[in-house]
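Letters A, B, ... are given to chains in the order of the sequence lines, protein chains preceding strands, and every chain is numbered from 1. Predicted model only: the values in this text are computed from it and were never measured.
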Protein chains: 2
Amino acid sequence: MVDKKSPLPMYYQIEEDIKQRIEKEEFRPSDMIPSERELSETFDVSRMTVRQALNNLVSEGILYREKGRGTFVAEKKIEQPLQGMTSFTEDMKARGMEASSKLLVFEKTTAPFDISRKLNVKEDADVYKIQRIRYADQKPMAIETNYLSVDMFPDLDEQTVLGSLYSYVEKKKKQQIAKASQMIEATTADENQAVLLDIPVDAAILYIERNSILSDGTPFEVVKSAYRADRYKFISDIYRT
Amino acid sequence: MVDKKSPLPMYYQIEEDIKQRIEKEEFRPSDMIPSERELSETFDVSRMTVRQALNNLVSEGILYREKGRGTFVAEKKIEQPLQGMTSFTEDMKARGMEASSKLLVFEKTTAPFDISRKLNVKEDADVYKIQRIRYADQKPMAIETNYLSVDMFPDLDEQTVLGSLYSYVEKKKKQQIAKASQMIEATTADENQAVLLDIPVDAAILYIERNSILSDGTPFEVVKSAYRADRYKFISDIYRT
DNA sequence: CAGTGGTCTAGACCACTAC
DNA sequence: TAGTGGTCTAGACCACTGT
């Protein structure tokens, strides 16, 4: 049941309970789960608390509601895509590979026009330019170039870049990283990319440009990545409105 | 203020009111908006109703909360990406281009293995295979191949395909289309694709495979699209958990 | 008709932040 | 300490679905 003295909120405990019952196949896909009033009695909580739990599960795509009918268990996800925004290291780990990298460039430089616009800084402002080769299982996977505002992170150094850049950012700005806007395109390798990625000139490249944003809406980073198309596919979920 | 007799829910009216006040710059980015208790007084509704409105705006990325401090206006989005899952026609319209298409193939056939798995049907089940060239402003943009289960849509015909496939699906299954799992890769054009898309052999192609899913979690469609990389970039937002 | 989810109220106590 | 958002209660009325 639920523990009213637990530090965990009751709606969270109810979420976990229902998820487990789906896992154990006590509730199966397209089954109706007990009504909100019934759940509020069995858990001995108010109906609003049950609704908060169910709303979260609906937004996770685990349940769905039908007006006047009930709340139902959604079909199992056939292939679990990489959910959410991840670092290269997390991404490779989820794909069962080991990530490593080699730093090519770490410098302060004047922001190129497109970068200054996307970082929301002045046109001649200084930015860090960080370029790395990213390896998966010791083989080249991508060339990644990051740009961050010097103004926003005055004390950023090479040591920090070798660790987790994202946890540094979240600690520094005392804010969560909320989301990123992405642009994905296909290109072919130029000579420089071909050498660095160990592929033929004109081989297919998956090119991703990402603009990362804090929870207050401030952009803090632009990342340009050129992935070997033979080794990397981008997987995501998109939602209809 | 809010109209208590309106058929629109009060939380929705409050959402719209706050969005307008941000639009009019009455509330500016990083401003604290009035507290929940204050808003509940001025709108003359309960605090829970205000919270429902604010929660929706937070999940849209328009506001953000800080525990013990208040609720704040997020920075303006610099570039508005195409939000959510769209049809080719909607996508082109948002990019300021006119969509058209030519039907190449409409047939019933036995499902290829990968398709049957993704549509969650038996291995030898019948599926529709629909292949079209998609044009933007009269120039070839993509080759799109759709697969749908014959069992799920027994009466699908060429006429329906020429209209809006998604509204047909939503009407037929009495359910909303909820989301899609996507895989994006880069390839180079083979001879057939080069001819159909009017590009050189080995030119870059952005290849997107999409598995579309109803709100009860049932997959109903697999789409494979080969886009001309010189004309098409894929834009999206991703969220950190 | 009885049952369901959708909306809403008028309170309450808590943990956290800032002064 | 005063104010904030986070959680929770015990009710209520509504529109909608299925029988």
Spacing of A/Tyr64 atom OH relative to C/dG5 atom C1', expressed in whole Å: 14 Å
A/Leu54 side, atom CG; A/Arg65 side, atom CZ - distance, nearest 0.5 Å: 5.5 Å
Validation row: A/Tyr166, A/Ser212 side chains within 4.5 angstrom (heavy atoms): yes
Pairing annotation in dot-bracket form, given for DNA chain D with Watson-Crick or G-U pairs under 3.5 Å and | for cross-strand partners: ||||||||||||||||.|.
Presence of B/Ser46 side-chain N/O under 4.0 Å of C/dA10 phosphate oxygens OP1/OP2: no
Length of the line joining B/Glu36:CD and C/dT9:P, which is rounded to integer Å: 14 Å
Residue closer to the 5' end of DNA chain C, A/Met48 versus A/Gly68 (nearest nucleotide): A/Gly68
Atom-to-atom span, CG of A/Leu39 to C1' of C/dG3 - whole angstrom: 14 Å
Presence of A/Thr49 side-chain N/O under 4.0 Å of D/dT9 phosphate oxygens OP1/OP2: yes
Interatomic distance where CG belongs to B/Leu54 and C1' belongs to D/dT4 [whole Å]: 12 Å
Minimum heavy-atom distance A/Ala111-A/Ser116, with the two atoms named: CB-CB, 3.9 Å
Ring geometry between B/Phe220 and B/Phe153 (parallel below 30°, tilted from 30 to 60°, perpendicular above 60°): perpendicular
Whole-Å distance separating the NZ atom of B/Lys67 from the C1' atom of D/dT7: 12 Å
d(CG, A/Leu63; C1', C/dT4) in whole Å: 15 Å
Check: D/dG11 base within 3.5 Å donor-acceptor of A/Arg47 side chain: no
Atom-pair distance (CD on A/Glu41; C1' on D/dT9), nearest Å: 15 Å
Any donor-acceptor pair under 3.5 Å from B/Gln13 side chain to B/Leu8 backbone: yes
Side-chain donor/acceptor contact of B/Arg37 with base of D/dG5 under 3.5 Å: yes
d(CE, B/Met10; P, C/dA10) in whole Å: 9 Å
Short side-chain N/O contact to C/dG3 OP1/OP2 from A/Ser35, under 4.0 Å: no
A/Glu209 with B/Lys233: basic N within carboxylate O range, under 4.0 Å: no
Most 5' of B/Met32 and B/Arg51 on DNA chain D, judged by nearest nucleotide: B/Met32
Given C/dA18, C/dT4, D/dT4, the nucleotide with the shortest approach to the side chain of A/Glu38: C/dT4
Phosphate contact (C/dT7 OP1 or OP2) by B/Tyr11 side-chain N/O below 4.0 Å: yes
Salt bridge (Lys or Arg N to Asp or Glu O under 4.0 Å) partner of A/Glu144, the single match among A/Arg210, A/Lys129, A/Arg134, A/Lys224: A/Arg134
